Protein chains: 2
Amino acid sequence: MKVKEVADLAGVSVRTLHHYDEIGLLSPKEREESGYRVYTHTDLEKLQQILFFKELGFPLKKIKEIINDSSFNQKEALENHYKLLLDKRRRIDSLIGTVEKTIQYKKGEIVMTDEERFAGFDFSENPYEQEARDLWGEKTVNDSNAKIGGMSKQQQQELGEEFNEIYRKLAEIRHEAPDSEDAQKRIEEWYDYLNKIGDYSLDAFKGLGQMYVDDERFTKNIDKFGEGLAVFMRDAMAYYSDMHQ
Amino acid sequence: MKVKEVADLAGVSVRTLHHYDEIGLLSPKEREESGYRVYTHTDLEKLQQILFFKELGFPLKKIKEIINDSSFNQKEALENHYKLLLDKRRRIDSLIGTVEKTIQYKKGEIVMTDEERFAGFDFSENPYEQEARDLWGEKTVNDSNAKIGGMSKQQQQELGEEFNEIYRKLAEIRHEAPDSEDAQKRIEEWYDYLNKIGDYSLDAFKGLGQMYVDDERFTKNIDKFGEGLAVFMRDAMAYYSDMHQ
DNA sequence: TATAAGTCATAACGTAACGGAAGAGTCAAC
DNA sequence: GTTGACTCTTCCGTTACGTTATGACTTATA
């Protein structure tokens, strides 16, 4: 399918699809010799996913992180969408209630507190946003190590790539012993990398590793690269920092 | 109430309230000697209205036009909000249906057309957006005469002011005869003004006047400045163009 | 009553997700 | 063989705030 067909089908603009291509969110693999974008069935499925996330208020950057993640699970995602859409409907219902009340109030039939007047607007009041966060990981793998905050977005993105690279490499060798030469070499890379961002003492480094196992949000995100990676990293990081004191 | 109280109550940021003040959407009348903004009860009611419109996807500029319009009717507005929220809920329901179907599809239980895959996303498919437009006037008075498109936003805004000015003046004299000297002088201003934007022949000018009466969207918007203004303008414009052929 | 914590103000720059127009190539149809 | 409908890339514009930065004001507490 060509771009306008897709746009009409999905109810988005051609410009939007171009934009999604630009930012690498949805880039149709194929191009005709003319240079025209050709969207396959799989691209349509992906677009559907994207639109679900968008409807639920996720920023495109986050959407990209989520669905490009190798461990992204479509079925799980759909079930989460389902939950979040129900929440959203509840919010709308709450707003409808507020409108009804306000109409009555205007007629002088009831009184209304200021709080009631804003019921349904306040996102923080209901679990909607929080739930979304919980379902998809507080801040995603990319910035889960904080500190990154103080850098330019440019720098962050560049680091993000390397970040994922290191995780992938570690995942590959996660069944080796944490104190093996291979593992320790990779962990050193990890330590050096972290110190390009922040300032990690060996102790902090060790503590961070422990957190990978203790904090389930970290565990979940890290294990996306491979089951058991968090534990493996904790052990390798502990060994590394003990050895270099 | 001071700004943070309001922000917390309504679930918006302080910056948002500052922004609304900046653009003149919601400017608390009172200030303490310290310069602090003080929001009254009426301001809260207005904020509620604003948030309803925002929830329904109206841009702030349009919201400002609507609620600052002297003819703005709160009760009517609330009833429209109610309708539009119901629509929105239907859209969510449709999306929920789409998720359910997609899950079944993934399980291999059903087949799914590409159209079904995007049901609920496409705003143009359901009457939601169109209804919103109908309820609040196609493009509002400001740009209902098209042509303005080819100008910088700056210029448009400047013209917008004058635009409203002319309408107001015309409304003041709308009970005089359309061929009176007064009326014809004002209509000439109107003609000159239009030709600063586009290129209106006298015939086009006459036709435009007729449209003010024939197209109920125009009628509605124009008559906001005063009941019967559209008819008055049509007659005055017809007379004017006949006289200057 | 001093002083720190919290809140307020303005100002100015940054960002996200496109919109819209320009200029040029492509494709199907008549 | 020329329209008319699409397509491409490029680039500037816009909306609705977010995010500091800097300085003044208020309030709770030592």
Side-chain angles (χ1 to χ4, degrees), chain A residues 1-28 30-39 47 50-51 53-65 121 123 129 143 148-157, chain B residues 1-28 30-39 47 50-51 53-65 123 129 139 142-143 146-157 160:
Chain A
M1 288 177 83
K2 277 185 284 185
V3 69
K4 186 160 192 294
E5 282 179 273
V6 178
D8 289 344
L9 183 63
V12 301
S13 71
V14 170
R15 180 67 180 84
T16 297
L17 293 177
H18 283 171
H19 183 59
Y20 291 174
D21 193 356
E22 271 173 42
I23 64 174
L25 177 56
L26 179 67
S27 306
E30 304 280 332
R31 291 281 185 120
E32 284 180 351
E33 324 106 49
S34 52
Y36 289 9
R37 292 171 179 80
V38 181
Y39 291 83
L47 178 56
I50 292 169
L51 293 182
F53 279 109
K54 210 184 105 185
E55 174 71 31
L56 294 167
F58 288 77
L60 298 185
K61 219 170 118 185
K62 178 88 63 89
I63 298 179
K64 185 181 170 187
E65 286 171 12
F121 285 121
F123 276 66
E129 267 221 319
D143 43 350
I148 301 190
M151 317 176 57
S152 83
K153 293 292 161 185
Q154 184 75 32
Q155 288 173 305
Q156 279 192 27
Q157 210 135 14
Chain B
M1 289 177 84
K2 276 185 285 185
V3 69
K4 185 159 192 290
E5 281 180 273
V6 178
D8 289 344
L9 182 63
V12 301
S13 72
V14 170
R15 179 68 178 87
T16 297
L17 293 177
H18 282 170
H19 182 57
Y20 290 175
D21 193 355
E22 271 172 42
I23 65 173
L25 178 56
L26 180 67
S27 306
E30 304 279 331
R31 291 281 185 119
E32 284 180 351
E33 324 106 52
S34 52
Y36 290 9
R37 291 174 179 79
V38 181
Y39 291 83
L47 177 57
I50 291 170
L51 293 181
F53 279 110
K54 210 184 107 185
E55 173 73 32
L56 294 168
F58 288 78
L60 298 186
K61 219 171 118 187
K62 178 87 62 89
I63 299 179
K64 186 182 170 188
E65 286 171 12
F123 274 66
E129 268 221 317
K139 287 177 146 212
N142 267 343
D143 43 350
K147 301 262 184 178
I148 301 189
M151 317 174 59
S152 83
K153 293 293 161 185
Q154 184 75 32
Q155 290 174 304
Q156 279 190 29
Q157 210 135 12

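Letters A, B, ... are given to chains in the order of the sequence lines, protein chains preceding strands, and every chain is numbered from 1. What you are looking at is a predicted structure, and each value in this text was computed from that prediction instead of being measured.
Summary of the strand contacts: B:Val38 and A:Glu32 both lie near DNA chain C, and taking for each the nucleotide with the nearest heavy atom, the more 5' one is attributed to B:Val38.
Among the atoms of the strands shown, none is found under 4.0 Å from any heavy atom of B:Val14.
Straight-line distance from the NZ atom of B:Lys62 to the P atom of D:dT14: 18 Å, rounded to whole Å. In this structure, B:Leu26 atom CG and D:dA16 atom C1' are separated by 15 Å, rounded to whole Å. Residue B:Asp21 contributes atom CG, which lies 12 Å from atom P of C:dA11 at whole-angstrom precision. In this structure, the NZ atom of A:Lys61 is 13 Å from the C1' atom of D:dG18, given to the nearest Å. The NE2-C1' distance, from B:His19 to C:dG14, rounds to 14 Å in whole Å. Rounded to whole Å, the distance from CG on A:Asp8 to C1' on D:dC6 is 11 Å. Atom-to-atom, CD1 of B:Ile63 to C1' of D:dA16 comes out at 11 Å; the value is rounded to the nearest Å. If you measure from atom CG of A:Leu60 to atom P of C:dG19, you get 12 Å, rounded to the nearest angstrom.
Heavy-atom minimum distance, A:Ala7 versus A:Ser13: CB-C, 4.0 Å. Contact detail for A:Lys54 and A:Tyr20: the closest heavy-atom pair is CD-OH, 3.3 Å. Counting all heavy atoms, side chain and backbone alike, A:Ile23 lies closest to A:Lys64 at O-NZ, 3.0 Å.
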Could you walk me through whether B:Met1 and B:Leu9 pass side chain to side chain contact (heavy atoms under 4.5 Å, CB included), step by step?
-> CA-CA 10 Å; B:Met1 289 177 84; B:Leu9 182 63; 4.1 Å; yes
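Between D:dG18 and B:Thr16, a contact under 4.0 Å exists linking OP1 or OP2 to a side-chain N or O. Considering only side-chain N and O atoms, A:Tyr36 lies nowhere under 4.0 angstrom from the phosphate OP1 or OP2 of C:dC27. For A:Ser34, a side-chain nitrogen or oxygen approaches OP1 or OP2 of C:dC27 to under 4.0 Å. For C:dC18, one of the phosphate oxygens OP1 or OP2 lies less than 4.0 angstrom from a side-chain nitrogen or oxygen of A:Lys54. B:Arg37 has a side-chain polar atom (N or O) that falls below the 4.0 Å cut-off from OP1 or OP2 of C:dA9. Here A:Arg31 does not reach the OP1 or OP2 of C:dT26: none of its side-chain N or O atoms lies under 4.0 Å away. A close approach under 4.0 Å does not occur between any side-chain nitrogen or oxygen of B:His18 and OP1 or OP2 of D:dC17. For C:dA17, neither phosphate oxygen OP1 nor OP2 lies less than 4.0 angstrom from any side-chain nitrogen or oxygen of A:Tyr20.
To the nearest 0.5 angstrom, A:Leu25 atom CG is 11.0 Å from A:Thr16 atom OG1.
The side chain of B:Arg15 lies closest to D:dG18, out of C:dA16, D:dC6, D:dG18. For B:Ser13, taking side-chain heavy atoms from C-beta onward, the closest of the listed nucleotides C:dA16, D:dC17, C:dC8 is D:dC17.
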